[in-house]
Amino acid sequence: MDSDKAKIFEHLFLQLNSLEFHNLVRAHLPYIPYHLDEENDEIDTRLKKLYALIHEFGDENTKQFVEQLPYFH
């Protein structure tokens, strides 16, 4: 993998890390229902992007694996 691709993955993983930390803090605030928390949607969006990139850059076995995941559809 070249450094440009690695930087894309690094950026997405850093975003996920930040979002999940905020999600941890939010989890202790009972007045915000989990299903109405926009940060959960942001985490899902980042995961979908990661799966799409793994699919794009992966070999045939990797592509088949990603295609059967629920986030890919």
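Residue numbers start at 1 and run along the sequence shown.
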Test side-chain contact (heavy atoms from CB on, under 4.5 Å) applied to Q68 and Q64, step by step:
CA-CA 7 Å; Q68 55 108 13; Q64 288 177 2; over 6 Å; no
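- Side-chain contact between L53 and L12: present, with at least one pair of heavy atoms (C-beta onward) separated by less than 4.5 Å.
- Taking CZ of R46 as the start and CG of D41 as the end, the distance is 11.0 Å to the nearest 0.5 Å.
- Across all non-hydrogen atoms, the minimal contact from V66 to Y51 is CG1-O, 3.5 Å.
- In this structure, I54 is a member of the same hydrophobic cluster as L69, with clusters built from ILVMFWY side-chain heavy atoms closer than 4.5 Å.
- Atom CD1 of I43 is separated from atom CG of N17 by 10.0 Å, given to the nearest 0.5 angstrom.
- Here the shortest heavy-atom pairing between E67 and H55 reads OE2-NE2, 2.8 Å.
- In this structure, the side chains of F13 and L50 come closer than 4.5 Å at one or more pairs of heavy atoms.
- For the pair K49 and T45, the minimum side-chain heavy-atom distance is below 4.5 Å.
- Contact check for F57 versus T62: no side-chain heavy atoms found under the 4.5 Å cut-off.
- Taken to the nearest 0.5 Å, the CD atom of E56 stands 8.0 Å off from the NZ atom of K63.
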